[in-house]
Amino acid sequence: MTEQEIIRYVNSGANFYLRLFGDAEHMEYHKNDFYSFIQPKHGEHGVRFAFDVKLENLSEKEQLEKISKLKLLKMPVWWDLQVSDNLYRLINGKSKAKPISEPVDGDELYMAIFPNERMNPTRMPANVVVKMADTPAAFEEWATAVNTIMFDGYADIHPVNHYHLCEKGLINCFTCYYDGIAVAFASVMDDAKICSLEFVATDPNYRRQGFATVVCSEAMSHAFSNGAQIITLRALQPGTKELYTSLGFKIYNYAL
């Protein structure tokens, strides 16, 4: 598989991730002829994001018009990682930088792993156990902890309204317990066996002790055992490259 094909999977994983955020009772999902967006219903809290933008086959004039409309939304936009040089210039007002092989702090990592690249599952000490959040109560515990660690307590992942995604197998969530305390969290989103590793978080009091490695390893093993063809991820430097490369992920990075 070429690097461009792998980046295409990373990109589709981001679009799938955002679409699932919008698939909840408190959220709205809208799709029109050239983009989709999600936002919380009036009075609710949730993610606001535009994504799945399709502009490549339009004239430059049409592209500029639609870029202006997107900016009027005043929400973040996930742009295709493989936009043309010209469209990138129209969006960002500058030329696309050359691809980079070694990201630095502040860059977003685009990574992937195939079944034949997986490492052996991490061996867990007797006082460490990983469980799938496969009940409403377990998912609520998982979502509440991830929201606290990653989103300052705001319910980007709704502890109740997003549980149906677990029931459908669209997201599988895992919690690592140390001496009975929930300390690290991860999940895998599954888009017809094209998967992505998401929501990796560790309680600040338990970082750098290997718990993230353990919970990610279990999440990945579950995905591959259930037929995952590839697992992608997107993550910000610093401090994450070492974790993911130790699990077998390879970097496919562009300065976008």
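All residue numbers refer to positions in the sequence shown, counting from 1. Remember, it's a predicted structure, so these values are computed and weren't measured experimentally.
In this structure, Met189 and Leu170 have side chains that are not in contact, with every pair of non-hydrogen atoms separated by 4.5 Å or more. Counting heavy atoms from C-beta outward, Tyr252 and Val10 have side chains that stay 4.5 Å or more apart. Side-chain contact check for Val215 versus Phe185: every heavy-atom pair is 4.5 Å or farther apart. Considering only heavy atoms from C-beta on, Glu62 stays 4.5 Å or farther from Leu55 through its side chain. With contacts defined as side-chain heavy-atom distances shorter than 4.5 Å, the pair Asp203/Phe211 does not qualify. Taking the side chain as every heavy atom from C-beta outward, Phe199 and Phe151 approach each other to under 4.5 Å. In this structure, the side chains of Val160 and Phe139 stay at 4.5 Å or more apart for every pair of heavy atoms. The closest side-chain heavy-atom distance from Glu117 to Lys250 is below 4.5 Å.
Residues Ser196 and Glu198 bring a donor and an acceptor atom of their side chains to less than 3.5 Å of each other.
Remark: side-chain polar atoms of Lys193 are paired, donor with acceptor, to backbone N or O of Asn226 under 3.5 angstrom. Side-chain atoms of Asn92 never come within 3.5 Å of backbone atoms of Lys94 as a donor-acceptor pair (strictly under, hydrogens ignored). A donor-acceptor pair under 3.5 Å is formed between the side chain of Lys41 and the backbone N or O of Glu25. Judged purely by atom type and a 3.5 angstrom limit, His158 has no side-chain atom pairing as donor or acceptor with the backbone of His26. Using a distance-only test at 3.5 Å, with no hydrogens or angles considered, no donor-acceptor pair links the side chain of Trp78 to the main chain of Phe49. Between the side chain of Asn127 and the backbone N or O of Tyr178, no donor-acceptor pair lies under 3.5 Å. At least one donor-acceptor pair closer than 3.5 Å links the side chain of Asn147 to the backbone N or O of Ile157. At distances below 3.5 Å, not a single donor-acceptor pair connects side-chain atoms of Asn11 with backbone N or O atoms of Ile7. For Arg48 (side chain) and Lys74 (main-chain N/O), a donor-acceptor pair under 3.5 Å exists by modelled atom type. Between the side chain of Thr144 and the main chain of Glu141, no donor-acceptor pair closer than 3.5 Å is present.
Here the closest non-hydrogen pair linking Ala133 and Cys166 is O-SG, 4.3 Å. Considering every non-hydrogen atom in both Gln209 and Asn205, the closest pair reads NE2-O, 3.8 Å. The two residues Ser12 and Tyr9 have their closest heavy-atom pair at OG-O, 2.9 Å. The minimum heavy-atom distance between Gln229 and Ala192, with the atom names listed, is NE2-O, 4.3 Å. The shortest non-hydrogen separation linking Gly22 to Ile38 is CA-CG2, 3.6 Å. Closest approach of Cys216 to Leu247, counting heavy atoms only: CB-CD1, 3.5 Å.
Note that Lys131 lies in the cation-pi zone of Tyr177, set by a 6.0 Å cut-off to the ring centre and a 45° limit from the axis. A cation-pi arrangement is present between Arg19 and Tyr29 under the rule of less than 6.0 angstrom and at most 45 degrees off the ring axis.
A chain of hydrophobic side-chain contacts below 4.5 Å, direct or via other Ile, Leu, Val, Met, Phe, Trp or Tyr residues, connects Val77 to Phe34. Grouping the Ile, Leu, Val, Met, Phe, Trp and Tyr side chains by contacts below 4.5 angstrom, directly or via other members, places Ile181 with Val214. No path of Ile, Leu, Val, Met, Phe, Trp and Tyr side chains, each step under 4.5 Å between heavy atoms, connects Val129 with Met220, placing them in separate hydrophobic clusters.
Partners of Asp179 under the salt bridge (charged side-chain N to carboxylate O under 4.0 Å, His left out) rule, at least two apart in sequence or in another chain, do not exist in this structure. Listed by chain and number, the residues in a side-chain hydrogen bond (donor to acceptor under 3.5 Å, both in side chains) with Arg89 are Asn86 (sequence neighbours excluded). Taking the side-chain hydrogen bond (donor to acceptor under 3.5 Å, both in side chains) definition, one finds that Glu28 meets it with His30, Gln39, sequence neighbours left out.
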Test log, rule side chain to side chain contact (heavy atoms under 4.5 Å, CB included), inputs Thr240 and Met111: CA-CA 11 Å; Thr240 55; Met111 307 182 77; over 6 Å; no

Full working for side chain to side chain contact (heavy atoms under 4.5 Å, CB included) between Val53 and Leu70: CA-CA 9 Å; Val53 180; Leu70 281 168; 3.9 Å; yes

Working for side chain to side chain contact (heavy atoms under 4.5 Å, CB included), residues Phe21 and His162: CA-CA 8 Å; Phe21 259 130; His162 280 127; 4.1 Å; yes

Full working for side-chain hydrogen bond (donor to acceptor under 3.5 Å, both in side chains) between Glu65 and Ser68: CA-CA 5 Å; Glu65 290 174 349; Ser68 295; over 6 Å; no

Working for side chain to side chain contact (heavy atoms under 4.5 Å, CB included), residues Asn172 and Ser187: CA-CA 5 Å; Asn172 293 302; Ser187 69; over 6 Å; no

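Here the straight-line distance linking atom CG of Asp190 with atom NE2 of His222 works out to 9.5 Å at 0.5 Å rounding. The OH atom of Tyr206 sits 11.0 Å away from atom SG of Cys176, with the distance rounded to the nearest 0.5 Å. Note: Ile230 CD1 to Met1 CE = 5.5 Å, rounded to the nearest 0.5 Å. Note that NZ of Lys69 is 5.0 Å distant from NZ of Lys66, once rounded to the nearest 0.5 Å. Atoms CZ and CH2, from Phe174 and Trp142 in turn, are 10.5 Å apart once rounded to the nearest 0.5 Å. Atom SG of Cys195 sits about 6.0 Å away from atom CD1 of Ile231, to the nearest 0.5 Å.
With salt bridges taken as basic N to acidic carboxylate O contacts below 4.0 Å, none links Lys54 and Asp80.
Here the options are Asp85, Leu87, Leu81, the test is side chain to side chain contact (heavy atoms under 4.5 Å, CB included), and the partner is Val83; only Leu87 passes.
A 6.0 Å sphere centred on CG of Asn116 holds more than 12 heavy atoms belonging to other residues, nucleotides or ligands.
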